Enquirer: 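Sharing a structure here in structure tokens format.
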Amino acid sequence: MDAERTSNGGDLAVFASGLGKHFGSVVALDGIDLRVPRGACFGVLGPNGAGKTTTVAILATLLRPDSGTARVLGLDVESQRSDVRREIGIVFQEPSLDRELTAREHLDLHARLYHLDRRLERVRRALDEAGLGPDADRPVRGFSGGMKRRLELARGMLHRPRVLFLDEPTLGLDVAARAAVWERLRELRASGDLTVLLTTHSMEEADALCDSLAILDRGRVVASGSSEALKRELGGDIVTLELERIATVEETLGLVAGVRSVVREADSRARVRVTVEDGSRRLVSLLDAARPCGVVEVSLERPTLEHVFRKHAGRAFERHEGGA
Ligand SMILES: Nc1ncnc2c1ncn2[C@@H]1O[C@H](COP(=O)(O)OP(=O)(O)OP(=O)(O)O)[C@@H](O)[C@H]1O
Ligand SMILES: [Mg+2]
């Protein structure tokens, strides 16, 4: 690990070490380390305000860090800014299209900015590939959310970047539009040597697209790894018990064989979440142990990414549920 830390990240698509950033008295990033291999699709998860957009902005050279270093394809984001910019594409969290311009005009402008050759042909092909051919000459103000997102993606990819940053690429899209964006991303990755770093609030999206993830909370990486590895780390199945009264059930359940943890859910006075090895075999013993508290409902699940998220960034749930 020490050798990895001291490496300058030249072999990686994205490398960040000890990134720090504050805005006035707000600490947005408090020492972020990231390692994204070339060709990966890497997800950054975390509650509102965790530091995802700030991280993306630093990696995309739009913001300077206060401390730490970051490299994209081995290029330093501070001292080799313009080299980094040539290699990356970005889709912002906030929509960044001009309502009065058409789809074709947006792409044409971008092609000029990057001095791309065969401009008209490239733009035409990008519009077709994004499924926007028939709407190419309409002003964006008449586009649906999904069309706008596909246009932003087409623009971010027009100059064939090797690393694509997507800050909440499917925010506000319906299920079908989201599926279309996912499909387009898969096509783009399949058609070349592309690394994608995306932020998302959707566990489903992270599971569907990402090879590995980092969960951020309060400007720190609180967990990272593949989705499967993070789920495995939870150490078993999840049994959720809804009870009439809670009493001292945590202690009693903790004594059942195979139980790793018992957590009273912050959003409910009478719901406990038990992580237990081999859940289906232990279920009867758990129900026996909980019987004095009156079991109203029980469920058994394989761990999901949401369970992982709750474990590492559960504070966000307490905040919203008022710490019940
Ligand atoms: N330009 C800015 N000025 C002041 N504070 C900022 C600025 N940008 C970000 N912050 C603060 O930094 C912290 C991290 O913000 P950031 O936008 O990176 O979070 P995020 O994880 O992207 O959140 P979200 O999920 O809501 O998009 C927050 O506390 C935010 O209020
Ligand atoms: Mg953000």
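Quick caveat: nothing in here was measured; it's all calculated off a predicted structure. Start at 1 and go down the list; that is how both ligands and their atoms are numbered.
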Enquirer: Rounded to the nearest 0.5 Å, how far does CG of Leu213 lie from OG of Ser226?
Expert: 7.5 Å
Enquirer: In terms of side-chain geometry, is the basic nitrogen of Glu297 or Arg271 positioned less than 4.0 Å from the acidic oxygen of its partner?
Expert: no
Enquirer: Ignoring hydrogens, what is the shortest heavy-atom contact between Leu305 and Lys231? Give both atom names and the distance.
Expert: N-CE, 3.7 Å
Enquirer: Is it true that Glu306 and Arg310 make a salt bridge, defined as a side-chain N closer than 4.0 Å to a carboxylate O?
Expert: yes
Enquirer: Distance under 4.0 Å, heavy atoms only, partner ligand 1: which residues pass?
Expert: Phe23, Val26, Ala28, Pro47, Asn48, Gly49, Ala50, Gly51, Lys52, Thr53, Thr54, Gln93, Glu168, His201
Enquirer: Would you kindly say whether Thr102 and Asp137 are connected by a side-chain donor-acceptor distance under 3.5 Å?
Expert: no
Enquirer: If you look only at distance, which donor and acceptor atoms sit under 3.5 Å apart when one is on a side chain in residues 284-293 and the other is two or more places apart or in another chain?
Expert:
unit_1, atom_1, unit_2, atom_2, d
Asp288, OD1, Arg291, NH1, 3.1
Asp288, OD1, Arg291, NH2, 3.2

Enquirer: So what's near the Mg ion (ligand 2), protein N, O or S atoms under 2.8 Å?
Expert: Thr53 OG1, Gln93 OE1
Enquirer: Using a distance-only test with no angle check, is there a side-chain donor-acceptor pair under 3.5 angstrom linking Thr170 and Glu205?
Expert: yes
Enquirer: Under 3.5 Å, is there a donor-acceptor pair linking the side chains of Asp66 and His22?
Expert: yes
Enquirer: Using a side-chain heavy atom cutoff under 4.5 Å and only I, L, V, M, F, W and Y, what cluster partners does Met147 have?
Expert: Leu97, Leu107, Leu113, Tyr114, Leu116, Val123, Leu127, Leu132, Val140, Phe143, Leu151, Leu158
